[in-house]
Enquirer: 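Attaching a single structure in structure tokens format; questions to follow.
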Amino acid sequence: MILISYWDLLTLSFLVFLLGVLLWLNGFSQVKQFWWASIRMVLQLLLMGVWLSWVFYSENPLWIVLVGVVMLSAAGYEITKRQQYRFKRLHGLMIGFLSLSFTALLLLIGVLTLVIQPDPWYQAQYAIPLLGMLLGNSMTAIGLGLDSLTRNAVQMKAKIEAQLALGKTAKQSLSFIKQQSLHSAMIPIINMLVAAGIISLPGMMTGQILAGADPMEAVKYQIMIMLLIATSTGLGTLIALEMGSRRLFDDRQRLQLDVLSKA
């Protein structure tokens, strides 16, 4: 594998800086956020690279579990940050954390023990990268779904309460909004599946090929991870929307928007 130097990365970083200037000259008002996101990405990946190098060589399952918990917690937190209307206190974080745990984590354990079967099955080389890919895609979809759910619930408050007054249940009065939210969450995943192999070469497959792996083996791994991503995303979004919908109503099936706070 051809190695990339830190000077190469510094050159590419300068291109991103120039892009920010160009965006600013064309009226883009969030250049600082763009630069900060780029800096944060570099620092996070460098930190993770150092940490994972140590975890890989230590072969201690407790450290692997710790990495997984940190990744799950960070993903749950990022889900709440990307919503216009957030659930107050820890409810939003718990919805994200639990929906990811019940899907991405369980699917990861299943594929490690039944499909890939490394020895030991929790081997960090396989567990952590696969978990990262599942969490990244599931986090985006769940965030989109919850944002659509809470935003539409606020905007369509009068309509929901009118349906409740007509005798419909909380589930029935919110069914249309849940369908819209599920649609918003799943469209990016459907586009990703349609484009794979024809329009784009997915990241995992490209990385393995660049590292010298046989293209057909890289393709099989990529198909596996994309099927896992589709399943994790769909199930995780369904769980998150169900938990969020229940949180929007009290025990007497009354809409309670005071559980939300505007970002």
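Computation of the quantities below employed the complete heavy-atom set of this structure, encompassing side-chain atoms and omitting hydrogens, waters and symmetry-equivalent molecules. Positions are given from 1 along the sequence. Quick caveat, the model's predicted, so the values are computed rather than measured.
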Enquirer: With salt bridge (charged side-chain N to carboxylate O under 4.0 Å, His left out) as the rule and sequence neighbours excluded, what pairs involving residues 168-194 come up?
Expert: Lys178-Glu242

Enquirer: Using distance only, find each side-chain donor-acceptor pair of residues 120-132 under 3.5 Å and give its atom names and separation, not counting sequence neighbours.
Expert:
from: Gln123; atom 1: NE2; to: Gln125; atom 2: OE1; distance (Å): 3.3

Enquirer: Can you name the one residue among Gln253, Arg254, Arg246, Arg247 that meets side-chain hydrogen bond (donor to acceptor under 3.5 Å, both in side chains) with Asp250?
Expert: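 With Asp250 as partner, side-chain hydrogen bond (donor to acceptor under 3.5 Å, both in side chains) holds for just one option, Arg254.
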
Enquirer: So, using salt bridge (Lys or Arg N to Asp or Glu O under 4.0 Å) as the criterion, who are the partners of Lys220 when residues are at least two apart?
Expert: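 For Lys220 the salt bridge (Lys or Arg N to Asp or Glu O under 4.0 Å) partners, ignoring immediate neighbours, are Glu217.
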
Enquirer: With under 30° as parallel and over 60° as perpendicular, where do the rings of Phe17 and Trp35 fit, or are they tilted in between?
Expert: parallel

Enquirer: Name all residues meeting the side chain to side chain contact (heavy atoms under 4.5 Å, CB included) criterion together with Asp8; count only those two or more places apart in sequence or in a different chain, and write none if there are none.
Expert: Ile4, Ser5

Enquirer: Listed by chain and number, what are the side chain to side chain donor-acceptor pair (under 3.5 Å) partners of Asn191, not counting sequence neighbours?
Expert: none

Enquirer: Going by the rule side chain to side chain contact (heavy atoms under 4.5 Å, CB included), which residues pair with Val70 if we only count those two or more places apart in sequence or in a different chain?
Expert: Trp51, Leu66

Enquirer: Going by side chain to side chain contact (heavy atoms under 4.5 Å, CB included), name the residues that satisfy it together with Ser175, two or more places apart in sequence or in a different chain.
Expert: none

Enquirer: In chain order, what residues pass the salt bridge (Lys or Arg N to Asp or Glu O under 4.0 Å) check against Arg40, with sequence neighbours excluded?
Expert: Glu78

Enquirer: Could you check if a side-chain atom of Leu93 sits within less than 4.5 angstrom of a side-chain atom of Ile79, using non-hydrogen atoms only?
Expert: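 Side chain of Leu93 against side chain of Ile79, heavy atoms only: no contact under 4.5 Å found.
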
Enquirer: Pairs of donor and acceptor atoms involving the side chains of residues 19-28, under 3.5 Å and at least two apart or interchain, shall be tabulated with distances.
Expert:
from: Asn26; atom 1: ND2; to: Leu22; atom 2: O; distance (Å): 2.8

Enquirer: Using the side chain to side chain contact (heavy atoms under 4.5 Å, CB included) criterion, which residues pair with Leu107? Sequence neighbours excluded.
Expert: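 Testing Leu107 for side chain to side chain contact (heavy atoms under 4.5 Å, CB included), a comparison that skips the adjacent residues, returns Leu228, Thr231, Ser232.
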
Enquirer: Indicate every side-chain donor-acceptor pair of residues 152-163 with a distance under 3.5 Å to a residue at least two apart or in another chain.
Expert:
from: Asn152; atom 1: ND2; to: Ser148; atom 2: O; distance (Å): 3.0
from: Asn152; atom 1: ND2; to: Ser148; atom 2: OG; distance (Å): 3.2

Enquirer: Do Phe249 and Leu174 touch side chain to side chain, with heavy atoms closer than 4.5 Å?
Expert: yes

Enquirer: Could you list the cluster mates of Ile187? Members are the ILVMFWY residues connected by side-chain heavy atoms closer than 4.5 Å, either directly or through other members.
Expert: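 Direct or chained contacts put Ile187 with none.
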
